[in-house]
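All values derive from a computational prediction rather than experimental measurement.
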Amino acid sequence: FDDPTIGSLLSCIFANSPHLARLANRDPTFVCNLLLEGADVTLNNIFAKLKQKTKKSLNNNQLGYFLRIAKQRMALTVAFADIAGIWSLGKVTDELSNFACLALDVAAVHLVRRYAERGAFKLQNADNPLGNSGLIIIGMGKLGAGELNYSSDIDLIILYDTKRIKTLDPHLLQTNFVRLTRDLITLMHERTPEGYVFRTDLR
């Protein structure tokens, strides 16, 4: 890279943020592409690739891995743009919040489809599993306001609407949605070798 500001940016990150330095060392090819393509293009690609995961048949561990890698790359992208002064504070909090919403959507689509395959309920729309599914996820606090920061957890209220759900076992509906919710929290919250997506609080 001929731009001397890139060296200053990398020095700033590696000297002051062990977390970002660790992420960058894990994924040097991504960092090079980020510096070449810029934050806006890179973040759009991260979002697009994560959305594609809703169209693939994955198990929970596979999806959890992809969510965590996307979170790491999103964090690097946003931090680089923030530290370099390319993005405003509003843009930074918007994108952190947008990623959290997308990660929740991707995880929820995956789980609704899996539970429907097990016979817990019927999908109203196979191409859009969340459409009319009866699953309601409400973001509270900083997520609800679109103001997440780098260390924010996400506060959620999760409900289900029995009038929108078609099932052959209505007496098992509560049990199935409680299990689905637990699986959703695990996908987001569980710490693995790739870290976690977001700390998640239902209280």
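Listed by first then second residue, pairs satisfying salt bridge (Lys or Arg N to Asp or Glu O under 4.0 Å) with a partner in residues 41-56 number zero, not counting sequence neighbours. Screening residues 108-136 for side-chain hydrogen bond (donor to acceptor under 3.5 Å, both in side chains), with sequence neighbours left out, gives Asn60-His110, His110-Arg114, Arg114-Glu117, Tyr115-Asp183, Asn132-Arg164. Pairs of residues two or more places apart, or lying in two chains, never qualify as ring pair (Phe, Tyr, Trp, His ring centres under 6.0 Å) while including a residue from residues 183-203.
Side-chain atoms of Gln72 never come within 3.5 Å of backbone atoms of Ile69 as a donor-acceptor pair (strictly under, hydrogens ignored). Using a distance-only test at 3.5 Å, with no hydrogens or angles considered, no donor-acceptor pair links the side chain of Asp82 to the main chain of Val78.
Applying the side-chain hydrogen bond (donor to acceptor under 3.5 Å, both in side chains) rule to Ser151 yields the partners Asn149; only residues at least two apart in sequence or on another chain are considered. By the salt bridge (charged side-chain N to carboxylate O under 4.0 Å, His left out) test, Asp201 pairs with Arg203, sequence neighbours left out. Taking Phe177 as the reference, Phe121, Tyr160 meet the ring pair (Phe, Tyr, Trp, His ring centres under 6.0 Å) condition, with sequence neighbours excluded. Partners of Thr175 according to the side-chain contact (heavy atoms from CB on, under 4.5 Å) rule, which considers only residues two or more places apart in sequence or in another chain, are Arg179. The side-chain hydrogen bond (donor to acceptor under 3.5 Å, both in side chains) check on Asp155 picks up nothing, with sequence neighbours excluded.
Thr77 places none of its side-chain heavy atoms less than 4.5 Å from the side chain of Met74. Looking only at side-chain heavy atoms (C-beta outward), Leu184 and Ile137 come within less than 4.5 Å of each other. Annotation: side chain of Val197 is not in contact with side chain of Leu187 (no heavy-atom distance under 4.5 Å). Lys71 is not listed as a side-chain neighbour of Leu67, based on a closest heavy-atom distance of 4.5 Å or more. You'll find the side chain of Glu190 reaches within 4.5 Å of the side chain of Arg68, heavy atoms only.
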Donor-acceptor pairs under 3.5 Å, side chain of residues 97-105 to any protein atom, not counting sequence neighbours: which ones?
| residue | atom | partner | partner atom | Å |
| --- | --- | --- | --- | --- |
| Ser97 | OG | Thr93 | O | 2.8 |
| Ser97 | OG | Gly146 | O | 3.3 |
| Ser97 | OG | Glu147 | N | 3.3 |
| Ser97 | OG | Leu148 | N | 3.1 |
| Asn98 | ND2 | Asp94 | O | 3.2 |
| Asn98 | ND2 | Glu95 | OE1 | 3.4 |

Identify every side-chain donor-acceptor pair in residues 11-22 under 3.5 Å, counting partners at least two apart or on other chains, and give the distances.
| residue | atom | partner | partner atom | Å |
| --- | --- | --- | --- | --- |
| Ser11 | OG | Gly7 | O | 2.9 |
| Asn16 | ND2 | Cys12 | O | 2.8 |
| Ser17 | OG | Leu20 | N | 3.2 |

Check: residues 38-48 side-chain donor-acceptor pairs under 3.5 Å, at least two apart:
| residue | atom | partner | partner atom | Å |
| --- | --- | --- | --- | --- |
| Thr42 | OG1 | Gly38 | O | 2.7 |
| Asn44 | ND2 | Asp40 | O | 3.3 |
| Asn45 | ND2 | Val41 | O | 3.4 |

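In this structure, Leu159 belongs to a hydrophobic cluster whose other members, linked by side-chain heavy atoms under 4.5 Å apart, are Ile136, Ile138, Met140, Ile157.
Closest approach of Val109 to Pro129, counting heavy atoms only: CG1-CG, 3.8 Å. Pairing each heavy atom of Ala116 with each of Leu123, the nearest pair is CB-CG, 3.6 Å. In terms of heavy-atom proximity, Leu50 sits nearest to Ala70 at CD2-CB, 4.2 Å.
Within 6.0 Å of atom CZ in Arg26, more than 12 heavy atoms from other residues, nucleotides or ligands are found, so the atom counts as buried in its surroundings. Around CD of Gln174, the count of heavy atoms belonging to other residues, nucleotides or ligands within 6.0 Å does not exceed 12.
The line from NZ of Lys142 to CG of Asp153 is 8.5 Å long, rounded to the nearest 0.5 Å. The distance from the OG1 atom of Thr181 to the CD1 atom of Ile185 is 7.0 Å, given to the nearest 0.5 Å. Taking CG of Asn176 as the start and NE2 of His171 as the end, the distance is 9.5 Å to the nearest 0.5 Å.
Both Tyr150 and Leu76 are part of a single hydrophobic cluster, where members link through side-chain heavy atoms under 4.5 Å apart. By the criterion of side-chain heavy atoms lying less than 4.5 angstrom apart, applied directly or through intervening Ile, Leu, Val, Met, Phe, Trp or Tyr residues, Ile83 is grouped together with Ile86 in one hydrophobic cluster.
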> Can you check side chain to side chain contact (heavy atoms under 4.5 Å, CB included) on Ile165 and Leu135, steps first, answer last?
Replying inline: CA-CA 9 Å; Ile165 303 167; Leu135 177 65; over 6 Å; no
